[in-house]
> 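Before I ask anything, here is the structure I am working with.
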Amino acid sequence: MDVRLLNISALHQAYVSGDLSVEAVVSAYLDVITRKDEKLGAFLEVFGSAAIKRAEELDQRLRNGEKPNGLFGVPVALKDNLCLAGTKTTAASKILANYVAPYTATAVEKLLASGAVVLGKTNMDEFAMGSSTENSSFQKTKNPWDTQRVPGGSSGGSAAAVASLETLVALGSDTGGSIRQPASFCGVVGFKPTYGRVSRHGLIALASSLDQIGPFARNVEDAFRVYATIAGPDPYDPTTVTAPIFDAETLQKGFKNLKVGILKDAQIEGMDESVAKNIKEAIRLMKNSGVEVVELSIPRARLSLAVYYLIVTSEVSSNLARYDGIRYGLTEKFKASENFLDFTTRVRAKGFGAETQRRILLGTFTLSKGYADRYYRQALQLKSVITQDFAKAFKNVDVIFGPTAPTVAFKLGEKFEDPLTMYLSDIFTDPANIANLPAVSLPIGFAHQLPVGGQFMGPSFREDLVFQAAAAFEKISGITDLIAPAA
Ligand code: GLN
């Protein structure tokens, strides 16, 4: 039996029957990391011996009669912008290369309290800015379906690690698509909760008004389990809410009572025809299964991309001001000839990569006197208009289905020199962040021998509807638990 092919509930059964120990499972995953990760580059750090030690503790708890539930004995990987006390948390930036987290993120605390075993920290675009993980200051991550290609981004390491069976599940963060787009490129499930659902305490901020933490898994059920574990209010993050989290029964309901909306304006230039074909196929499959599918129009949804990049750059310029060369991470010796501004400029120029510098510059401009009204505030106004447009649409449908990304995984280097084309990768994912909606990406088919992702979005705080639709689609399509060739 290959333990890596078991989902969480099957693992738990094997723990109860004594067929498997947590240590055997954790060792099996660590073995894959040892064999594969030099080539894939998904991990920045692996906690081999700590993971084994933790597994032994959990095995002792099993011997003491504990019944596994939640994430007991489940190997997880963490995007390297999530703090884990006493370990390096770099956000893949040279400016935080030696930063050791003094505390643990709430979402990670919840994983640990539920019995998860952290295998390591995964690669990402620097400060989560990017769509290919090529903006990491440390290494390139390869797509396990084709190692000439990117895994997507910014949570590319987490997506690649799950797709290549280096871990069972992983956490990422999604500000404009950074969980869903890499999930779609790597053939796994990626879920972004509603803003406010999961505490951001201990997540290194990109854009605080949009960032959310969420799971990667190889099937909807496992993704739901991780989501249900990390969700909930947290006194350390006042934007979290107490809305009900729902139970796993929602996964069993099929498409019953779900009306699915399709955006007819979701056509863009540069959309890969075979991705569009897969989406049409998926819609046909739903209709043939008796699902009520209706066309909708939300013309302003496509403005989300522009709104997103205005808000993100503005918040980046403000959030990243804290990396001044004194308080966090990278520092240098003061030169006698320097004042504070010279000093901080020198350290920041050395510590930040090109994309980060570009966004700080853009955001400083969009927030500057005279331009803040024209750019930043206008973006905020449009954000609320787009939010209302979606809220209105959800009066008529329960979920909205469409593509996750306009293309399949592209080649390493293909878009790296062209930031605007890279930004276009987010065209279908940004609306959920801008309108505060939960959204999932799941594999729906293949094009060019690479996985294609489809996305379900739901009304704010109706994660149940999104998971219900995803589980129902997974069932009728039979596309689940894919194994990438490089796995
Ligand atoms: N691709 C988007 C960006 O570069 C998404 C980032 C994210 O969601 N963290 O900003």
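Just follow the structure's listing: the first ligand is 1, and inside any ligand the first atom is 1. This structure is a prediction, so every number in the text was calculated from the model and none was measured.
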> Can we say R300 and D389 salt-bridge, meaning some charged N sits less than 4.0 Å from an Asp/Glu carboxylate O?
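A salt bridge links R300 with D389.
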> Compare every heavy atom of G214 with every heavy atom of P193, then report the nearest pair and how far apart it is.
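Closest heavy-atom pair between P193 and G214: CD-CA, 4.1 Å.
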> With respect to Y308, which candidate in L305, V312, L310 satisfies the side-chain contact (heavy atoms from CB on, under 4.5 Å) definition?
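Single side-chain contact (heavy atoms from CB on, under 4.5 Å) partner of Y308 among L305, V312, L310: V312.
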> Within the 3.5 Å criterion, strictly below it, is a donor on S441 or Q181 matched to an acceptor on the partner's side chain?
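Absent: no donor and acceptor within the cut-off.
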> Hey, are N319 and S208 close enough side-chain-wise for a donor-acceptor pair under 3.5 Å?
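Yes - a donor-acceptor pair under 3.5 Å links their side chains.
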> Using 4.0 Å as the upper bound for N to carboxylate O, is an ion pair formed by K277 and E273?
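No salt bridge links E273 with K277.
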> List, ordered by chain and residue number, the protein residues whose closest non-hydrogen atom lies under 4.0 Å from any atom of ligand 1.
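Those residues closer than 4.0 Å to ligand 1 by some heavy atom are A128, M129, G130, S131, S154, D174, T175, G176, G177, S178, L206, Y308, Y309, R359, D426.
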